[in-house]
Asks: 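My structure is below; once you've seen it, I'll send some questions.
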2 protein chains.
Amino acid sequence: MNILIVEDEPRLAEALAHILQENDYHAEIVDNGNDGLTYALSDLYDLVLLDIMLPGKDGLEIVRTMRRQGNATPVLMLTARTETSDKVKGLDAGADDYMTKPFEAEELLARVRALLRRQGEVIFDEITCGDLKLNLSTHELVCGPKKVHLSHKEFEVARLLMSSPNQVFSKETLLNKVWGIDAEANENSVEAYISFLRKKLNFLNSTVDINTIRMLGYRIALPEA
Amino acid sequence: MNILIVEDEPRLAEALAHILQENDYHAEIVDNGNDGLTYALSDLYDLVLLDIMLPGKDGLEIVRTMRRQGNATPVLMLTARTETSDKVKGLDAGADDYMTKPFEAEELLARVRALLRRQGEVIFDEITCGDLKLNLSTHELVCGPKKVHLSHKEFEVARLLMSSPNQVFSKETLLNKVWGIDAEANENSVEAYISFLRKKLNFLNSTVDINTIRMLGYRIALPEA
DNA sequence: CCTCAACGATCAAGATGTTCATGCGCGGCT
DNA sequence: AGCCGCGCATGAACATCTTGATCGTTGAGG
């Protein structure tokens with residue numbers, strides 16, 4: 001795990017880096033706000049420890065800019081300011097947690113673990129449904145010895161249906177979830193993709209199939225368990 | 001937003017509920033650990049405020065059970081225990097944040113907002129870069145009066161470059177981030193997409209352009225601010 | 001049981017997006 | 001100048017997506 005430390009006081013920065021490195025994180029130090037922002041936006045880090053008072057851009061501005069640009073890297077603010085109003089400012093600017101100096105190494109590490117845990121929230125990379133396995137990274141749908149590649153839209157539709165077997169999804173729901181809200185696509189597209197998927201399920205000789213519920217939508221039917 | 005308060009001391013529980021309700025959250029109180037766990041697992045709440053010492057199951061056990069069962073509802077632990085070792089236990093059990101009593105309402109609210117924000121993961125829907133605006137939901141690139149639609153890959157490349165102006169991205173980095181690690185695509189594809197994007201920037205008469213840094217990669221050049 | 005209308009399935013064709021091989025041109029080097 | 005290697009632009013081949021047209025299916029009502 002890569003952690004970025006944005007801190008201008010060298011002794012503190014080193015101490016932080018040391019603590020983190022002893023716990024098997026990879027830590028890098030940047031000592032000013034301008035570089036801090038650039039590095040934080042790089043997406044190379046899994047977490048940012050951010051001081052507020054910094055030469056160049058301050059910590060609040062950095063986290064605000066990150067969030068404005070859609071960067072979701074967790075940020076833990078670390079400052080000497082203990083005022084509640086400072087904490088509120090930091091958290092509302094977009095930080096995920098806020099610690100005041102001085103702090104204990106153990107608590108810092110626990111908070112770092114808590115933030116990284118959320119981040120990692122490792123998505124399973126496979127959905128299983130009856131005799132089907134959908135690989136979420138390669139977009140391959142496997143059934144016994146056979147496999148087929150799903151195109152982007154096919155994959156999204158399959159993922160949604162397989163994620164909640166037996167739940168009925170209306171065409172409108174599918175349009176919203178797969179094509180995007182506001183999408184001006186035709187419901188016929190949904191029908192077309194259901195058709196493509198059925199053809200592939202058929203080719204795979206899967207026991208699973210897609211039911212049509214007239215006027216309501218579609219669902220995956222699991223063969224009775 | 002629905003918040004579950006698991007707290008056995010009625011006065012504190014009421015005070016919390018009051019603070020939250022004043023800020024337009026819907027709050028419900030449960031005064032023992034057994035009900036706390038049942039409610040928390042119900043998926044009806046967007047956040048759980050959890051005391052540690054409780055009749056029935058204690059807070060640590062509750063959060064551990066939640067996580068073990070795959071429940072990802074954010075948990076903010078609220079306790080009188082100020083020992084670092086308690087905080088570490090709470091966070092490592094699966095809590096997302098930990099506050100010690102007494103606490104100020106403003107800080108509590110800010111931490112609640114921070115946790116709910118993650119949950120909702122409200123993505124900003126625009127990146128700005130020089131005179132360009134990239135709409136993240138419609139994939140439209142706008143410059144003054146003109147706009148163009150970007151295809152999926154064009155969009156991903158543009159987003160990456162625009163998210164860190166002036167940073168150089170190697171073709172390999174672009175391949176990994178846009179096409180995916182393990183992707184077996186050709187670096188020529190990157191060149192092709194850079195070419196497509198330049199054509200569009202040109203059509204938009206943007207002052208922004210994409211620099212080639214020989215042997216290193218590409219970057220967005222912001223006209224000197 | 002038949003008819004009809006509404007809904008759904010499938011197909012074919014065109015639009016759009018993606019990949020990749022090719023040839024050109026520029027800049028650095030000898 | 002001439003060579004070399006990298007990057008650029010383009011077009012052909014292919015994949016994917018969307019849509020309208022057509023045909024099948026279903027179920028209510030005669």
Side-chain angles (χ1 to χ4, degrees), chain A residues 134 138-141 147-161 168-203 208-221, chain B residues 134 137-141 147-161 168-203 209-221:
Chain A
L134 178 61
T138 64
H139 294 196
E140 259 171 357
L141 185 62
K147 58 170 80 170
V148 288
H149 172 81
L150 301 188
S151 78
H152 206 67
K153 290 280 198 290
E154 287 173 342
F155 169 76
E156 295 294 344
V157 172
R159 168 155 74 169
L160 197 52
L161 293 176
V168 177
F169 293 88
S170 70
K171 292 176 194 173
E172 197 191 330
T173 302
L174 285 160
L175 269 183
N176 286 336
K177 298 230 179 193
V178 175
W179 278 258
I181 316 183
D182 82 321
E184 28 186 285
N186 194 309
E187 292 198 348
N188 189 325
S189 292
V190 177
E191 293 166 0
Y193 276 89
I194 293 292
S195 173
F196 297 155
L197 284 175
R198 289 211 252 238
K199 206 176 296 177
K200 293 194 173 179
L201 291 186
N202 194 50
F203 164 79
V208 172
D209 59 39
I210 300 177
N211 290 165
T212 300
I213 288 89
R214 224 152 195 268
M215 307 297 308
L216 289 182
Y218 300 95
R219 71 168 176 190
I220 286 277
Chain B
L134 180 61
S137 56
T138 64
H139 293 195
E140 259 171 359
L141 186 61
K147 59 170 78 167
V148 288
H149 172 82
L150 301 188
S151 77
H152 207 68
K153 290 277 198 293
E154 286 173 343
F155 169 76
E156 294 295 343
V157 172
R159 167 155 75 169
L160 196 53
L161 293 176
V168 178
F169 292 88
S170 69
K171 293 176 194 174
E172 196 191 330
T173 301
L174 285 160
L175 268 184
N176 286 336
K177 297 229 178 192
V178 176
W179 278 258
I181 315 182
D182 82 322
E184 27 187 282
N186 195 307
E187 292 198 349
N188 190 337
S189 291
V190 177
E191 294 167 3
Y193 276 89
I194 293 291
S195 173
F196 297 155
L197 284 175
R198 290 211 252 238
K199 207 175 295 177
K200 294 197 172 177
L201 291 186
N202 194 50
F203 164 79
D209 57 39
I210 300 176
N211 291 165
T212 300
I213 289 85
R214 217 143 209 277
M215 307 298 308
L216 290 181
Y218 300 96
R219 71 169 177 192
I220 286 278

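Below, chains carry the letters A, B, ... as their sequence lines are ordered, and counting in each starts from 1.
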Asks: Enumerate the residues from residues 190-201 of chain B whose closest heavy atom to DNA chain D is under 4.0 Å, giving them by residue number; use none for an empty result.
Replies: B:Glu191, B:Ser195, B:Arg198, B:Lys199
Asks: Kindly write out the residues that satisfy side-chain hydrogen bond (donor to acceptor under 3.5 Å, both in side chains) with A:Ser170, not counting sequence neighbours, or none if the list is empty.
Replies: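 By the side-chain hydrogen bond (donor to acceptor under 3.5 Å, both in side chains) rule, A:Ser170 matches A:Thr173.
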Asks: Using a cut-off of 4.0 Å on non-hydrogen atoms, how would the nucleic acid contact of A:Asn188 be classed: base, sugar-phosphate, or nothing?
Replies: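 Answer is base: heavy atoms of A:Asn188 come under 4.0 Å of a base.
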Asks: So what does B:Phe155 touch, heavy atoms closer than 4.0 Å: a base, only the sugar-phosphate, or nothing?
Replies: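 The residue B:Phe155 makes no contact with any strand.
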Asks: Would you find more than 12 non-hydrogen atoms of other residues, nucleotides or ligands less than 6.0 Å from A:Glu172 atom CD?
Replies: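 No, the 6.0 Å shell around CD holds no more than 12 heavy atoms from other groups.
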Asks: Using the test salt bridge (Lys or Arg N to Asp or Glu O under 4.0 Å), find all partners of B:Glu140 that sit at least two apart in sequence or belong to another chain.
Replies: B:Lys147
Asks: Please list, chain by chain and in numerical order, all residues satisfying ring pair (Phe, Tyr, Trp, His ring centres under 6.0 Å) with B:Tyr193, sequence neighbours excluded.
Replies: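 If we apply the ring pair (Phe, Tyr, Trp, His ring centres under 6.0 Å) test to B:Tyr193, skipping adjacent residues, the hits are B:Trp179, B:Phe196.
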Asks: From NE2 of B:His149 over to P of C:dA15, roughly how many Å is that when rounded to an integer?
Replies: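 B:His149 atom NE2 is separated from C:dA15 atom P by 16 Å.
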Asks: Tell me, please, which residues at least two apart from B:Ile213 pass side-chain contact (heavy atoms from CB on, under 4.5 Å).
Replies: B:Val168, B:Asn211, B:Leu216, B:Arg219
Asks: If I take atom NZ in residue B:Lys171 and atom C1' in nucleotide C:dT19, what distance separates them, rounded to the nearest angstrom?
Replies: 16 Å
Asks: Cut-off 3.5 Å, no hydrogens considered: what does the side-chain donor-acceptor table look like for residues 151-158 of chain B, sequence neighbours left out?
Replies:
residue  : atom : partner  : partner atom : Å
B:Ser151 : OG   : B:Glu154 : N            : 3.4
B:Glu154 : OE1  : B:Ser151 : N            : 2.7
B:Glu154 : OE1  : B:Lys200 : NZ           : 2.9
B:Glu154 : OE2  : B:Lys200 : NZ           : 3.4
B:Glu156 : OE1  : B:Arg159 : NH2          : 3.4

Asks: Roughly, in whole Å, what's the span from CG in A:Leu216 to C1' in C:dG8?
Replies: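 Whole-Å distance recorded here is 13 Å.
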Asks: Return the set of residues passing side-chain contact (heavy atoms from CB on, under 4.5 Å) with B:Lys199 (not counting sequence neighbours), or none when no residue passes.
Replies: none
Asks: Taking only residues two or more places apart in sequence, or in another chain, which ones meet B:Thr212 in a side-chain contact (heavy atoms from CB on, under 4.5 Å)?
Replies: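 So B:Thr212 forms a side-chain contact (heavy atoms from CB on, under 4.5 Å) with B:Arg198, B:Tyr218.
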Asks: For B:Ser137, check side-chain hydrogen bond (donor to acceptor under 3.5 Å, both in side chains) against everything at least two apart and list the hits.
Replies: B:Asn135
Asks: Restricting to non-hydrogen atoms, name the atom on B:Leu161 and the atom on B:Ile210 that form the minimum distance, rounded to 0.1 Å.
Replies: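 Between these two residues, the closest heavy atoms are CD1-CD1, 4.2 Å.
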Asks: In whole angstrom, what separates A:Ile213's CD1 from C:dC7's P?
Replies: 16 Å
Asks: Does anyone know the first and last nucleotide of DNA chain D in reach of chain A, 5' to 3', at under 4.0 angstrom to a heavy atom?
Replies: D:dT16 to D:dT26
Asks: Is B:His152 close enough to C:dT16 that one of its side-chain N or O atoms is under 4.0 Å from OP1 or OP2 there?
Replies: no
Asks: Once you round to the nearest 0.5 Å, how far does CG of A:Leu197 lie from CD1 of A:Ile220?
Replies: 8.0 Å
Asks: Could you write out each protein N or O paired with an N or O of nucleotides 24-30 of chain C at a distance under 3.5 Å?
Replies:
none

Asks: In this structure, how many angstroms lie between the P atom of C:dG14 and the CG atom of A:Asn186, rounded?
Replies: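 So the two atoms are 19 Å apart, to the nearest Å.
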